[in-house]
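Below: the structure, in structure tokens.
Predicted model only: the values in this text are computed from it and were never measured.
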Amino acid sequence: MKLKENKFVKKYLENEKSIFEGIAVSVVTALAITAILTGSFKELANIEFVKNTSLVKVILLFVAFGIISGILYKTKKSLSKILMFAVVMIYFLLAGYFTSQISFDTVSNNPIAQVCFLALSGTLAVIAFLYVKDDVFDAVAKIKVSDRTLKIFVAVMGAFLLILTSVIGVYKFEAYTAPTFDYGIFAQGFEYMKQTGVFKTVVERGYELSHFAVHFSPIFYIALPIYFIFPKPETVAVIQAIMVALPVLPIYLLGKQYKLSNKVTLAIIAIYALFPATVGGILYDFHENCFLTFMILMLIWAVEKKKNILTVVFLLLTLFVKEDAAMYVMLLGLFWIVSRKSRLRGLIFILVGAIYFVIAVKVVNSYGLGIMDFRYDNMFYDKQAGFTQMARVFITNPGYVITQIISNHNGGVIGGGDTVQMDKIGYLIEMFVPVGALIFATGRKYSRYILLGSIIVVSLITTYIYQHQIEFQYNFGHIALFIYLIIMNVADMKPKKSKKLVTCSLIICAIMFMGLILPKAPRYVGMYNANSTKIEKFDKAISLVPNDKSVFTTGWIMPHMAKNLQCYDIGYLNEEHKDKVPANPDYLLVDESENADTISKFAPYINSGKYELVYDGDKESNDSKIVSLYQLKK
């Protein structure tokens, strides 16, 4: 008996690691599958779910799948480990998606709780992956990715981004949830360009004004042919979707330039597509910044390939996006000088960028309303001196700069008043957790950190709340520089390390994308379907207004009347320039669901006796007030 016991103990000791691994793999697999089948991923903030779920059912599922997983581990160890990672990943993807339905601010008193949950979920999924990475890579090694396959994937990713962003943008517009700021401005601007050749609006500052008086953006003329072919307000959203999808092309080209494997290039393209800020940038309607990612990446590729004519073309196109696009050009120039990649080009880029910025700012300041430097009031010791003093702040008091980078104080600037919010912390998690391992893997090539300068200047030192949120447009330039940095870093890595880090990044991107971005599309489709009666009444009222008449309306309706070049948002009429606005517009189109302050602005016109009611949407519906259309009496 003693001999048998010794043999048993000896056999146990020889297989101890495998036994414990088998138990661990089986337990984790069974736990994940049970959580998926019981639907607990939908009830992340609901403790009552535990009370209302049959414990017997949970135990039976757990034991059954634990045994199945154990048998699989015994017969096909590699497959069982891959299955463990797969079900863990599926669970976190599902849980991530349903975090969008939880009001974490209410549940946990933490406005960035969702982002923290997604980041932690991604980390746990990465841990599961790292445990089975060799088995995963052995399985993936059997899959061949030819050049043709990679090109197909590039097209598929481009189509995916185009469709997703078009659905979000178009349905957001059709559901009357895309307001004057910042959709109506550009919808009316494109119509002005089509009819007059000049990018003007009457809504951006409450009276007729060139958009170039606010931002110097000749880039819009590049997209004008698309609007000429499809002259509808919805086309504006599609133009932006095209610009978000197009960067997959320069990423592919840069992957080839840096001799990355097809699989790694494929993964980096997927990282770009799933990076939360990529699609997040279109969520607040439309902005010229959407052109930045493609233009900057094409500019980088042209420089890397030493294609001088294309370099000049994309340099100009990048600068034409907006006056502050010169910063990205100058950063690239500084990087190329310090890294010794191309000192002459670097110097040219810095000089051209600086000269262009000065000229563009002078144009806006002289002929327009001046650039919006109030967003950097926290960096100005002299409110009248402008941007030039920022360099002195950086040199004289770098510690102060750091306090502004980590500060969540909004400084009383537009977007929340004089409040404290955890916006920058969440923003840093969203921007760096998904790709941080790839961005900071520069080895000794510290010059590459220069490319992070844009996110510091544009998004971190400012107290303007919108510039450090992924749901706004200010990240498109950062994304281009992030991708460039990632490609260079990956190219320097040994294949084993690059595969590991790229996969880890892709896992976290996928989970954060599921929670922060993907739910947006069905949300806007749902809003469109749920508000069908309201939409029908709004559409009918708009159809009664001739395109050549002047109109005062409200923010949700205005973008739908972009063809009326004299359609004003009554909430943003400029008292200083009231002489440039019709004293008595031809029509008043009132969204009756607007707030009382906005509705009250129509009262003087309606009560003047000069207008008659020509359409009352309320009479055709059992709902509360919807829309009213008044016409100036003849």
Side-chain angles (χ1 to χ4, degrees), residues 275-277 280-281 289 292-293 296 300 318 321-339 346 349-350 353-354 357 371-381 386-411 413 415 421-442 445-470 472-486 488-489:
F275 186 57
N289 298 62
L292 278 173
T293 310
I296 292 173
I300 291 168
T318 300
V321 172
K322 206 161 63 170
E323 62 278 357
D324 56 12
M327 179 200 61
Y328 302 102
V329 170
M330 290 188 285
L331 276 175
L332 286 169
L334 180 60
F335 165 66
W336 285 325
I337 290 174
V338 177
S339 65
F349 270 50
I350 291 176
F357 180 74
I371 60 173
M372 301 177 187
D373 54 6
F374 69 87
R375 299 175 180 183
Y376 292 89
D377 275 355
N378 60 312
M379 297 294 291
F380 296 164
Y381 54 85
F387 278 119
T388 55
Q389 62 192 303
M390 288 177 62
R392 182 174 175 180
V393 174
F394 271 87
I395 296 171
T396 305
N397 195 348
Y400 175 79
V401 177
I402 295 174
T403 66
Q404 298 310 293
I405 289 175
I406 63 174
S407 172
N408 283 315
H409 195 274
N410 199 41
V413 184
Q421 302 183 31
M422 296 180 71
D423 45 75
K424 281 190 183 176
I425 298 172
Y427 175 75
L428 287 168
I429 292 172
E430 290 165 336
M431 292 298 287
F432 284 107
V433 168
V435 293
L438 295 173
I439 285 177
F440 295 105
T442 60
K445 297 183 178 180
Y446 302 116
S447 60
R448 293 177 184 175
Y449 291 130
I450 290 171
L451 299 175
L452 298 179
S454 74
I455 194 171
I456 294 173
V457 174
V458 174
S459 297
L460 294 179
I461 63 173
T462 177
T463 53
Y464 189 63
I465 190 172
Y466 304 127
Q467 290 184 206
H468 37 265
Q469 293 188 30
I470 65 165
F472 288 81
Q473 71 275 15
Y474 300 99
N475 300 302
F476 285 120
H478 309 334
I479 292 170
L481 298 184
F482 276 21
I483 292 294
Y484 184 34
L485 185 53
I486 287 169
M488 288 189 293
N489 287 345

Taking all non-hydrogen atoms of both residues into account, name the closest pair between [X] and [Y] and its distance.
X	Y	value
Phe394	Met379	CE1-CE, 4.0 Å
Asn489	Leu438	ND2-O, 2.7 Å
Gly353	Ala326	O-CB, 3.2 Å
Ile296	Leu332	CG2-CD1, 4.2 Å
Pro276	Ile470	CB-CD1, 3.7 Å
Leu481	Leu451	CD1-O, 3.4 Å

Gap between atom [atom2] of [Y] and atom [atom1] of [X] - 0.5 Å precision:
X	Y	atom1	atom2	value
Ile456	Ile405	CD1	CD1	5.0 Å
Gln404	Leu460	CD	CG	11.5 Å
Phe349	Leu334	CZ	CG	13.0 Å

Partner of Ser459 under side-chain hydrogen bond (donor to acceptor under 3.5 Å, both in side chains), picked from His478, Lys424, Gln469, is His478
Any side-chain heavy-atom pair of [X] and [Y] under 4.5 Å:
X	Y	answer
Arg448	Ile439	no
Met327	Ser454	yes
Gln473	Tyr466	no
Ile337	Ile350	yes
Tyr427	Asn475	yes
Ile483	Thr293	no

With under 30° as parallel and over 60° as perpendicular, where do the rings of Tyr464 and Tyr474 fit, or are they tilted in between?
->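 It falls in the perpendicular class, over 60°.
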Anything under 30° is parallel, anything over 60° is perpendicular, the rest tilted; go ahead and classify Phe432 against Phe440.
-> tilted
Evaluation steps, side-chain contact (heavy atoms from CB on, under 4.5 Å), between Leu485 and Thr442 | CA-CA 8 Å; Leu485 185 53; Thr442 60; 4.2 Å; yes
Test side-chain contact (heavy atoms from CB on, under 4.5 Å) applied to Gln467 and Ile455, Val458, Ile461, the passing residue =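 Of the listed options, the one satisfying the test is Val458.
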